[in-house]
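Each remark here refers to the structure printed beneath this line.
Since we're looking at a predicted model, the values are computed, not measured. Along the sequence shown, the residues carry numbers beginning at 1. Side-chain atoms are counted along with the backbone in the values below, which use heavy atoms only and exclude waters and symmetry mates.
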Amino acid sequence: MKAHHLLFQNSIDINPRMGTIKLNDKRMALISVEALGYLRRDLVATLGMERAKGFLLRYGFASGYNDAESIESMYNWESKRELILAGPALHTLEGIVTVEPDVLDLDGERLYMSGYWRYSFEGEEHIRHFSYSNEAVCWMLVGFATGYLTKIVGKEIVIYEKSCIGKGDEKCYFVAQTVEHCAPEHRDILRYYEEESLVTELDKMYNEVKTLNLSIIRSEKVHKELTSLLLEGKNLSTLIDVIADVLGKSVIIKRGEMNQAFESKFLTEEDYDRYQKWMRKENVQSNDFIHIFKIMANKDCLGKMIVLGTEPITKEDRMIIERALSVLSIQMYTQRMIAQSLWQKKVDFFDELLNDSYDKEQLIYQANHLFNFDIEKNNRIVVIKSISEEKNKDIWYLLNTTYPKLDIFMKKGYIIMILPKNVEEKSSLHQFLHEVQRLVEKTFSNTMFYIGAGKASASISEIGESYKGAFQICDFLRLAYPTKNKIAIYEQLDPIMLFLKSMEPKELLTFSEKTIGNLLDYDKNNESNLVQTLKSYLDNNGNLNQTATELNLSIPGLRYRLNKIHSLCEVDFKTGQGSFHCQIAIQTYYTMKAINNHSFKNEKIN
């Protein structure tokens, strides 16, 4: 017997009087494919997609295995190859699908077979009830072919669809292989063929629902506990402790791009070490089980919660984490709103202080309630600004965490620190500011920022001047050094502070550049020192003898230099106005050199 000799009328015994259809004495039944479609729909609704898939695969397997037993004993087959091909022929005769074998390679213990399934009722019904899927859906067909080939070949067979109309492909294309010759990723389907009844499936679902209910109850209990702590005014650290203890895993809160943890609860030293390695991107293992969850409020990411353990997180863990995230978002959002409100009050205080008509007693009263320092004692204002606007809040979080006893707040992208006298007593102001600089550079690499410190103050009026001066110095540095992180204090800029107060920093720099810019270019290109010559000449009020003596030059040599300077400068430095302009430009230049903190080197201001 050959496979293509199979005919419906010769294979099926129909008895109209008894209402039976038999294949080799095994009773068959004609069933509407629409009814099978509704069965699929109800199975998915009852069991879920995964369990319904397993149920239909096993149903198809039993059908194919039984058909193989029947067809094998009905005829004397020419070869095993023909018996294998009888399966697709029988499947087509039964009206299930049109099967077109493409490749059949049977070599001893090895089988490879592939082909097309056309007009698959199963794909059509799945689309009708569920629309297109992300995976192949001809589960009964796969099960039938698996059962049939397993019986005929006598070995475990793996069948999978490379393409399927149920997921939007043009056609269904199947591949069948003996299990030992199949790629590992396709063997996972074998787990669906384990013997389980519908009752077993329903029992499993009942147990899952029962477990789910217990998880919901537990997660709600955790949520209530966290909410209660939130209403009691407990801080973020307390909430993190509870979450870590409930999960039995280490929990870390990160804000922005800060490398260090903002808040954390590490259950073990090993967890801390693994977290540090993970942050450095060193030896990240697949079993590190590090999970990241965003803390969101009003579509704004307030931070991230990192959960680190030695085992994967469970469904119950995820439910607890989701409840915890909602509480954390409220806590962090509320704290941010409180901080911003307090910032605004402090900004308003200084804005009013800069108003000449302020009420001194009233402002001192406000200061005692707003700040952690005595406004009538020695203090100094420091202003920090990053070129990257989004980094400024992260820098504030970092500084506020590192220096919790200092008043640190923000004003439109600027970070303001108030340094009481005791900060300068513990270490020099320069040391403290460089410590801040190193901290920010370490945490936020490749971020440009500037630090300006106003003059020391000992009264309410002087702290207003310190506040204003710190902003002016910070803006001056941003314009003067666009490619370098810079620090400057009032004392360094003292020679030009009067001009900074009376004009915009950009105007001062532009004025200086216009006045002596050509002179600086000439010095740089010719390794000369004409700027120093001009400075000495002006310092000596134009006295040639004193200038020549100071510079160790001859009078003719000095005259030559002055003539060269006159040709390069935009102003006549021998006139009163020209001399004044050059003095301002040179003071600006040398002030910037002092900030640079290295030996004078002839270069352009910018």
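- Each of Val327, Ile320, Leu231 was evaluated against Leu226; a single residue qualifies, Val327, per the side chain to side chain contact (heavy atoms under 4.5 Å, CB included) test.
- With sequence neighbours excluded, the residues forming a salt bridge (Lys or Arg N to Asp or Glu O under 4.0 Å) with Arg336 are Asp300, listed by chain and number.
- The environment of Glu232 atom CD is dense: over 12 non-hydrogen atoms of other residues, nucleotides or ligands sit within 6.0 angstrom.
- A cation-pi contact links Arg118 to Tyr116, judged by a cut-off of 6.0 Å to the six-membered ring centre and 45° from its axis.
- In this structure, a donor-acceptor pair under 3.5 Å is present between the side chains of Asn235 and Thr238.
- Shown here is Tyr112, whose OH atom has more than 12 heavy atoms of other residues, nucleotides or ligands within 6.0 Å.
- Between Trp117 and Phe174, the angle of the ring planes stays under 30°, which puts this pair in the parallel group of the 30/60° scheme.
- For the salt bridge (Lys or Arg N to Asp or Glu O under 4.0 Å) test, no residue two or more places apart in sequence or in another chain qualifies with Asp273.
- When all heavy atoms are compared, the tightest approach of Asn392 to Ser386 is OD1-N, 2.9 Å.
- Under the 3.5 Å distance criterion, the side-chain polar atoms of Arg81 are matched with a main-chain donor or acceptor of Leu104.
- Donor-acceptor pairing under 3.5 Å is recorded for the side chains of Asp317 and Thr314.
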Evaluation steps, side-chain hydrogen bond (donor to acceptor under 3.5 Å, both in side chains), between Thr146 and Tyr193: CA-CA 10 Å; Thr146 303; Tyr193 295 108; 3.3 Å; yes
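- Remark: the backbone N or O of Leu439 is paired with a side-chain donor or acceptor of Thr443 at under 3.5 angstrom.
- Tyr403 and Glu435 are linked by a side-chain donor-acceptor pair at a separation below 3.5 angstrom, with hydrogens and angles left out of the test.
- The side-chain heavy atoms of Leu398 and Phe444, taken from C-beta on, include a pair separated by under 4.5 Å.
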Working for side chain to side chain contact (heavy atoms under 4.5 Å, CB included), residues Thr178 and Glu109: CA-CA 8 Å; Thr178 40; Glu109 298 294 310; over 6 Å; no
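- The shortest side-chain heavy-atom distance between Val142 and Glu161 falls under the 4.5 Å cut-off.
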List, one per line, each side-chain donor-acceptor pair under 3.5 Å for residues 30-37, sequence neighbours excluded.
from, atom 1, to, atom 2, distance (Å)
Ser32, OG, Glu34, N, 3.1
Ser32, OG, Ala35, N, 3.3

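- Scanning all heavy atoms of the two residues, the minimum distance from Tyr148 to Gly87 falls at OH-N, 3.1 Å.
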Test log, rule ring pair (Phe, Tyr, Trp, His ring centres under 6.0 Å), inputs His91 and Phe144: CA-CA 9 Å; His91 220 184; Phe144 179 94; 3.8 Å; yes
CA sep, side-chain torsions, deciding dist, call: Cys164, Val137, side chain to side chain contact (heavy atoms under 4.5 Å, CB included): CA-CA 7 Å; Cys164 178; Val137 300; 3.9 Å; yes
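- Both the sub-6.0 Å distance and the 45° axial angle are satisfied by Lys385 relative to the ring of Tyr414.
- Every pair passing side chain to side chain donor-acceptor pair (under 3.5 Å) that includes a residue from residues 119-128 is listed here, sequence neighbours excluded: Arg40-Glu122, Arg40-His126, Glu125-Arg128.
- Side-chain atoms of Ser70 come within 3.5 Å of backbone N or O of Asn66 as a donor-acceptor pair.
- Annotation: the span from Leu106 atom CG to Leu149 atom CG amounts to 10.0 Å, rounded to 0.5 Å.
- Side-chain N or O atoms of Lys249 include one that pairs as donor or acceptor with a backbone N or O of Glu311 at under 3.5 Å.
- For the pair Glu220/Glu225, no side-chain contact is recorded, criterion being any heavy-atom separation below 4.5 Å from C-beta on.
- In this structure, Tyr450 and Asn485 have side chains that are not in contact, with every pair of non-hydrogen atoms separated by 4.5 Å or more.
- Residues Leu83 and Glu72 form a side-chain contact, since some pair of their non-hydrogen atoms from C-beta on lies under 4.5 Å apart.
- Looking at Ser250 and Tyr275, their side chains never bring a donor and an acceptor atom within 3.5 Å of each other.
- Note that SG of Cys182 and CD1 of Ile157 are 10.0 Å apart. Values are rounded to the nearest 0.5 Å.
- Scanning all heavy atoms of the two residues, the minimum distance from Tyr173 to Ser114 falls at OH-OG, 3.0 Å.
- Atom CD1 in Ile189 sits 10.5 Å away from atom CH2 in Trp139 (nearest 0.5 Å).
- Looking at every heavy atom in both residues, Ala244 comes nearest to Leu267 through O-CD1, 4.1 Å.
- With a 6.0 Å radius and a threshold of 12 heavy atoms from other residues, nucleotides or ligands, Lys234 has its NZ atom at or below the threshold.
- Of the possible polar contacts, one joining the Ser219 side chain to the Ile216 backbone as a donor-acceptor pair under 3.5 Å is found.
- When all heavy atoms are compared, the tightest approach of Lys167 to Ser133 is CB-O, 3.1 Å.
- Taken to the nearest 0.5 Å, the NZ atom of Lys393 stands 11.5 Å off from the CD1 atom of Ile415.
- Side-chain atoms of Asp188 and Arg191, non-hydrogen and from C-beta on, do get closer than 4.5 Å to each other.
- With sequence neighbours left out, the side chain to side chain donor-acceptor pair (under 3.5 Å) criterion links Asn298 to Tyr333.
- Enclosure of atom OH in Tyr59 is not indicated, since only 12 or fewer non-hydrogen atoms of other residues, nucleotides or ligands lie within 6.0 angstrom.
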Side chain to side chain contact (heavy atoms under 4.5 Å, CB included) assessment of Asp241 paired with Val251: CA-CA 8 Å; Asp241 287 348; Val251 176; over 6 Å; no
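- By the 4.5 Å heavy-atom criterion applied to side chains, Lys53 and Glu135 are counted as neighbours.
- Checked against side chain to side chain donor-acceptor pair (under 3.5 Å), Glu180 has the following partners two or more places apart in sequence or in another chain: Lys155.
- Of all heavy-atom pairs spanning Leu302 and Ser329, the tightest one is CD1-O, 3.5 Å.
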Side chain to side chain contact (heavy atoms under 4.5 Å, CB included) between Val246 and Val242, intermediate numbers included: CA-CA 6 Å; Val246 169; Val242 172; 4.3 Å; yes
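- For Asp394 and Lys391, the salt-bridge test fails: no basic side-chain N is under 4.0 Å from an acidic carboxylate O.
- A distance of 9.0 Å separates CG of Leu90 from CE of Met74, quoted to the nearest 0.5 Å.
- Ionic pairing of Glu69 and Lys151 is not present here: no N-O contact between side-chain nitrogen and carboxylate oxygen is shorter than 4.0 angstrom.
- The CE atom of Met410 lies 11.5 Å from the CG atom of Asn400; values are rounded to the nearest 0.5 Å.
- Between Met113 and Val103, the closest side-chain pair of non-hydrogen atoms is not below 4.5 Å.
- Residue-environment remark: CD (Glu50) exceeds the threshold of 12 foreign heavy atoms within 6.0 Å.
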